[in-house]
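All ligand and atom numbering here is 1-based and tracks the order in the structure.
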Amino acid sequence: MSSTVSAAAPSSPHVMNTYGRLAMAVSHGQGCRVWDVNGREYLDALGGIAVNTLGHNHPDLVPALQEQLGKIIHSCNYYHVPLQEQLAAKLVALSGMRNVFFCSTGLEANEAAIKLARKFGHDKGIERPEIVVYEKAFHGRSIATLSATANTKIQAGFGPLLEGFVRVPVNNIAALRDATANNPNIVAVFLEAVQGEGGVNPMHMDYLRDVRALCDTRDWLLMIDEVQCGMGRTGKWFAHQWAGIVPDVMPLAKGLGSGVPIGAVVAGPKAASIFSPGNHGSTFGGNPLAMRAGVETIRIMERDGLLDNATVMGRHFTEALQRELADQLASGAVKDIRGRGLMIGIELAVPCSALMQQSLDKGLLISVTAESVVRLVPPLIVTAAEVDAMVAILAPLIRNFLADAGVTA
Ligand SMILES: *Cc1c(COP(=O)(O)O)cnc(C)c1O
């Protein structure tokens, strides 16, 4: 087989056509860089969509995983898995919550959260429980989680959708009160502390505190999907911690294993005893390889101060973009540069998915989400020099794109 990837050919007739893939095939990576099969180097500002917390080929993660491979990859949940207990204890300590269920992906973590909320309702006599979800939300692509997701393109063709969701706008406590008034079937509020796929939309601190208070008053579960914004990305372990609140249920995945598939649902006291044996499970969930990836990811993050790095580099990145695109911001061609830590969105005045290919051509991996938002979620090990190199590629690219689109002169 030729190692050259042609721009026109689909990657394989045998891989199901679920992604509109760009014509580049990754061969390997090192730190915040990857190389394609033709030997070309790229800076990675996407991190496998907020997955590669420690970048690529981390010198401490890889040997630990290699050691684990030689010990045991998968045992099974009929027996105790010591590494599960170790990672659970760590997540409990970092979150101030109570216990953890392990699975393998984000949608599975959210699926478990939805089941927890429904059983929470059933246990108190609510036969048709309803969960509050949000405009622009993304929770995954299973039937339950795509029903909780807002984007109608994601839902199209897969009806009937799951019932039992009430949708409200973000950052509007009055709208939440109105939508739930006189509805005794509400059991939970389910939100992303910073919406990812919806365009990097942070929930306001006051709003998060108001929702926490409302959930307490009404005896609802507050369920915060930290699949994308969690695990240090915003500069705290979990993005909701900036608001000084603690949720009742917290799904995690993406960055938790630095690339090894892993998901988790962390539960506080109100949700920790809802499930009992037989209620939920996962064959792969909590397997020793994934657990080791989680344990080592957190150990290295703590040792190397990666929360602080996310805060400092996030500020450096955002400020550099604001400086380089100041005129575009002033003219409104760039509508907003927002985010927290190393979860950054640049919203343009026009749809800009073509920027993904253009950026690739210039040697930088990014994504565009919600049609007009450039999303930057690099590894948390990124350095100032790498951020500067990313900005040096991206800012002129955005400037030229806006000029070509006729948005600016
Ligand atoms: C990516 C994502 C999911 C889905 O995770 P998968 O591992 O792809 O199933 C769910 N919620 C949020 C907030 C996400 O960003």
Side-chain angles (χ1 to χ4, degrees), residues 16 18-19 21 46-53 101-117 131-151 153-155 158 162 165 167 170 188-203 208 222-234 237-240 247 249-266 282-287 290 293-294 297 339-345 366-370 373-378 380:
M16 205 179 276
T18 54
Y19 284 89
R21 296 174 199 270
L46 183 56
I49 319 181
V51 166
N52 297 309
T53 306
F101 171 82
F102 289 108
C103 50
S104 306
T105 67
L107 79 79
E108 276 183 273
N110 286 334
E111 193 80 30
I114 292 166
K115 283 181 70 175
L116 278 171
I131 299 170
V132 175
V133 292
Y134 283 76
E135 291 174 3
K136 299 185 182 175
F138 180 84
H139 297 295
R141 290 170 178 276
S142 66
I143 294 295
T145 57
L146 74 80
S147 300
T149 291
N151 189 336
K153 283 187 196 154
I154 287 172
Q155 297 170 336
F158 300 108
L162 198 69
F165 295 107
R167 199 169 301 281
V170 300
V189 175
F190 189 24
L191 56 83
E192 296 154 85
V194 182
Q195 292 182 327
E197 304 305 303
V200 190
N201 309 310
M203 298 275 175
L208 288 173
L222 174 53
M223 311 204 298
I224 304 192
D225 180 347
E226 294 259 358
V227 167
Q228 188 162 160
C229 58
M231 291 315 297
R233 180 143 299 277
T234 68
W237 285 106
F238 309 110
H240 66 263
V249 177
M250 175 173 68
L252 298 173
K254 289 199 167 87
L256 176 55
S258 284
V260 176
I262 183 171
V265 187
V266 189
S282 162
T283 301
F284 286 124
N287 81 61
T297 296
R340 292 211 180 105
L342 286 171
M343 185 169 180
I344 300 168
I366 59 163
S367 80
V368 172
T369 187
V373 181
V374 174
R375 171 179 45 183
L376 306 167
V377 281
L380 304 190

Discussion item. With a heavy-atom distance limit of 4.0 Å, tell me whether Gln195 approaches ligand 1 through its side chain, its backbone, both, or neither.
Written reply: neither

Discussion item. Main chain of His139, side chain of Asn110: is a donor-acceptor contact present, judged purely on distance under 3.5 Å?
Written reply: yes

Worksheet item: For ligand 1, does His139 get within less than 4.0 Å through its side chain, its backbone, both, or neither, judged by non-hydrogen atoms?
Response: backbone

Worksheet item: Can any side-chain N or O of Gln195 pair as donor or acceptor with the backbone N or O of Glu192 at less than 3.5 Å?
Response: no

Discussion item. Does the protein place a non-hydrogen atom closer than 4.0 angstrom to atom 8 (O) of ligand 1?
Written reply: no

Worksheet item: What distance separates Leu208 CG from Leu222 CG, expressed to the nearest 0.5 Å?
Response: 8.0 Å

Worksheet item: Counting each atom of ligand 1 from 1 as listed, which ones have a heavy atom of Leu107 under 4.0 Å away?
Response: 4 (C), 5 (O), 6 (P), 9 (O)

Discussion item. Taking 4.0 angstrom as the limit and counting only heavy atoms of Lys254, give me the atoms of ligand 1 inside it, by number and element.
Written reply: 1 (C), 2 (C), 3 (C), 14 (C), 15 (O)

Worksheet item: Taking Glu226 for the side chain and Ala239 for the main chain, is one N or O donor matched with an acceptor at less than 3.5 Å?
Response: yes

Discussion item. Is the contact between Asn110 and ligand 1 made by the side chain, the backbone, both, or neither, using heavy atoms and a 4.0 Å cut-off?
Written reply: side chain

Worksheet entry | Salt bridge flag under 4.0 Å for residues Glu197 and Arg375 | yes

Item to complete: Compute the shortest N/O to N/O distance between Glu192 and ligand 1 and return yes if it is under 3.5 Å, no if not.
Response: no

Response to the item:
For Thr105, the atoms of ligand 1 under 4.0 Å from one of its heavy atoms are 7 (O), 9 (O)

Discussion item. For Lys115, is there any backbone N or O sitting under 3.5 Å from a side-chain donor or acceptor partner on Glu111?
Written reply: no

Worksheet item: Is any N or O atom of Ala253, backbone or side chain, closer than 3.5 Å to an N or O atom of ligand 1?
Response: no

Fill in: Mode of Val227 contact toward ligand 1 - side chain, backbone, both, neither (heavy atoms, under 4.0 Å)
side chain

Discussion item. Keeping Glu135 on the side-chain end and Arg167 on the backbone end, is there a donor-acceptor pair under 3.5 Å?
Written reply: no

Worksheet item: Does the N or O separation between Gln228 and ligand 1 drop below 3.5 Å for any pair?
Response: yes

Discussion item. Please check whether Asp225 reaches ligand 1 - meaning an N/O of the residue sits under 3.5 Å from an N/O of the ligand, judged on distance alone.
Written reply: yes

Response to the item:
Ranked by distance from atom 6 (P) of ligand 1, the top protein heavy atom is Gly106 N, 3.5 Å

Practice prompt. To the nearest 0.5 angstrom, please state how far the CZ atom of Arg233 sits from the NZ atom of Lys254.
Written response: 10.5 Å

Item to complete: For the residue pair Thr53 and Thr297, confirm or rule out a side-chain donor-acceptor distance under 3.5 Å.
Response: no

